[in-house]
Novice: 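Here it is, the structure in full.
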Number of protein chains: 2
Amino acid sequence: MRTELLDAAKALLWEGGYERMSPRKVLERSGAGQGSLYHHFPTKRALAAAALVEVERELVESAERVLGGDAPPLDRVRAWLALERNGLKGCRLGRLANEVEVLGSDELRSALAGYFNRVLALLTATLSEAKERNELRASAAPADLAAALVALVQGGYVLSRALANEKLISRATRGAMSLLDAAAHSSSRSRSD
Amino acid sequence: MRTELLDAAKALLWEGGYERMSPRKVLERSGAGQGSLYHHFPTKRALAAAALVEVERELVESAERVLGGDAPPLDRVRAWLALERNGLKGCRLGRLANEVEVLGSDELRSALAGYFNRVLALLTATLSEAKERNELRASAAPADLAAALVALVQGGYVLSRALANEKLISRATRGAMSLLDAAAHSSSRSRSD
DNA sequence: GTCTATAGCTCGATAGAC
DNA sequence: GTCTATCGAGCTATAGAC
């Protein structure tokens, strides 16, 4: 039952965020009875925190899969940019970054911080490697570029949702691809323009 | 009194979003009495919609001020990227793009859509101009680059808030600056690296 | 135009039987 | 471990006096 509660919480957090995720809805969705939620978790927040830890792990694994390989660094960055993303559903963690109750609770916010810090570190390392290999122009600081790319994906979700247009996020990542190609030395450009 | 109600709504929408903006809080903040809200506006949503129209106008004006001048196009884009932004407070419109009730109401969402469409159009036009002047490499489609830049700013807010670190958004825009410089032909680079 | 009072609902959480 | 019942609070909105 604990598993069903967590799965229901994960689904509701994705669909509506933390503040809309009511214990009642979790119970309905999971098929659990009223008593069982507060048997397995002391508070709504504890349930959400446990759910977000799992989401964090899932998203980190997915990022490590593309960014952690031994392919040429810029290809890994391109592969990360090209990951399948549903612009209208939003990022499962990033969508929570505007909720007062999430930002006000270290327990909840740490899932977001853990994920973003990990992705930023992976991208920074990958971009540094590209720079060492002389595949990336020196003017760009890897940490700044990493922040730019992660932000771009998160903002792509925002744009897609605000304009109710699934295409916006891929337009944004395509734009990022172009900029990255322009910042790459020609020796590393294996893709067609 | 209508003005005070709108100002209170604008402040609350910025601080906590639409779903947290309760009529009670609007009344407290504005100093108005209970009856006056529903005298001036039929519903909470109508009040929020009116407030968001004003916010949209303010943000559009600010974007037009930097992007609409007659300076060299890439300088205008750089000036827009360099605008002062409080990463921890979030974008007054973009922060609403994850709220179910906002996305589910055309009345509310249209403020977000209006703003983002306008900024995308301005940036696309400016980048097209840069391309015509041969100041920007041809591989980049202006509409894609515009989406990338707007997304990057919106995602910068997300990162800053998720990591509780004001610097993230400026790190992201600095990274964008680097990428833009790399995509610019050297003839247009007036800034030091 | 603004007041007080309150409707009907959902919220997060708890009590106590089984 | 799960059940039913319910608490006190806040929610959006309405009623009716002034």
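Numbered from 1 within each chain, the chains take letters A, B, ... in sequence-line order. Reckoned from all heavy atoms, side chains included, excluding hydrogens, waters and symmetry mates. Not measured: the values here are computed from a predicted model.
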Novice: Linking I/L/V/M/F/W/Y whenever their side-chain heavy atoms sit closer than 4.5 Å, directly or via other members, would B:Val55 and B:Val53 fall into one cluster?
Specialist: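 As far as the 4.5 Å side-chain criterion goes, B:Val53 and B:Val55 are not connected within one cluster.
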Novice: Rounded to whole Å, how long is the line connecting atom CG of A:Leu5 with atom P of D:dG1?
Specialist: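 One finds 12 Å between P of D:dG1 and CG of A:Leu5, rounded.
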Novice: Within 45° of the axis and under 6.0 Å from the centre of the six-membered ring of A:Tyr18, does NZ or CZ of A:Lys44 qualify?
Specialist: yes
Novice: Quick one: does any side-chain atom of A:Thr173 pair with a main-chain N or O of A:Ser170 as donor and acceptor, under 3.5 Å?
Specialist: yes
Novice: Mind calculating the distance between CD (A:Glu4) and C1' (D:dG1) to the nearest angstrom?
Specialist: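 Value for this atom pair: 13 Å.
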Novice: Report the distance from atom CE of B:Met21 to atom C1' of D:dA13, rounded to the nearest whole Å.
Specialist: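 B:Met21 atom CE is separated from D:dA13 atom C1' by 13 Å.
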Novice: Rounded to the Å, how far apart are A:Leu12 CG and C:dT10 C1'?
Specialist: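 Interatomic distance, CG of A:Leu12 to C1' of C:dT10: 15 Å.
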Novice: What's the closest nucleotide to the side chain of A:Ser36 if the choices are D:dT2, C:dC11, D:dC11?
Specialist: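 Closest nucleotide among those given: D:dT2.
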Novice: Taking everything shown except B:Arg85 itself, do over 12 heavy atoms lie less than 6.0 Å from its CZ?
Specialist: yes
Novice: Round to the nearest Å and state the distance from A:Tyr38 atom OH to D:dT6 atom C1'.
Specialist: 14 Å
Novice: Rounded to whole Å, please give me the gap between CG in A:Leu37 and P in C:dG12.
Specialist: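 Rounded to the whole Å, the gap is 10 Å.
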Novice: Please compare A:Ala32 and B:Arg24 by the position of their nearest nucleotide in DNA chain D and report the one closer to 5'.
Specialist: A:Ala32
Novice: In whole Å, I'd like the distance from the CZ atom of A:Phe41 to the C1' atom of C:dG12.
Specialist: 16 Å
Novice: Can any side-chain N or O of B:Glu4 pair as donor or acceptor with the backbone N or O of B:Ser30 at less than 3.5 Å?
Specialist: no
Novice: Check whether any side-chain N or O of B:Lys25 sits under 3.5 Å from a backbone N or O of B:Ala8 as a donor-acceptor pair, and report yes or no.
Specialist: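 No, because the side chain of B:Lys25 does not come within donor-acceptor range (under 3.5 Å) of the backbone of B:Ala8.
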Novice: Could you tell me how far apart A:Lys44 (NZ) and D:dA9 (P) are, to the nearest whole angstrom?
Specialist: 19 Å
Novice: For A:Ala113 and B:Leu163, which heavy atoms make the closest approach, and how far apart are they?
Specialist: CA-CD2, 3.4 Å
Novice: Is the backbone of A:Ile169 close enough, under 3.5 Å, to the side chain of A:Arg174 for a donor and an acceptor to pair up by distance?
Specialist: no
Novice: Under 4.0 Å from any atom of DNA chain D, heavy atoms only: list the residues of residues 97-112 of chain A that qualify, in numerical order.
Specialist: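 Hits under 4.0 Å, by residue number: none.
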Novice: Please tabulate, one pair per line, each protein N/O and nucleotide N/O from nucleotides 15-18 of chain C that are separated by under 3.5 Å, including the distance.
Specialist:
none

Novice: Side-chain heavy atoms nearer than 4.5 Å, only ILVMFWY residues, links allowed to pass through others: does that put A:Leu6 and A:Val60 together?
Specialist: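 As far as the 4.5 Å side-chain criterion goes, A:Val60 and A:Leu6 are connected within one cluster.
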Novice: Identify which nucleotide among C:dT2, C:dT14, D:dA13 has an atom closest to any side-chain atom of B:His39, counting heavy atoms from C-beta outward.
Specialist: C:dT2
Novice: Check this one for me: any side-chain N or O of B:Ser22 less than 4.0 Å away from OP1 or OP2 of D:dC11?
Specialist: yes
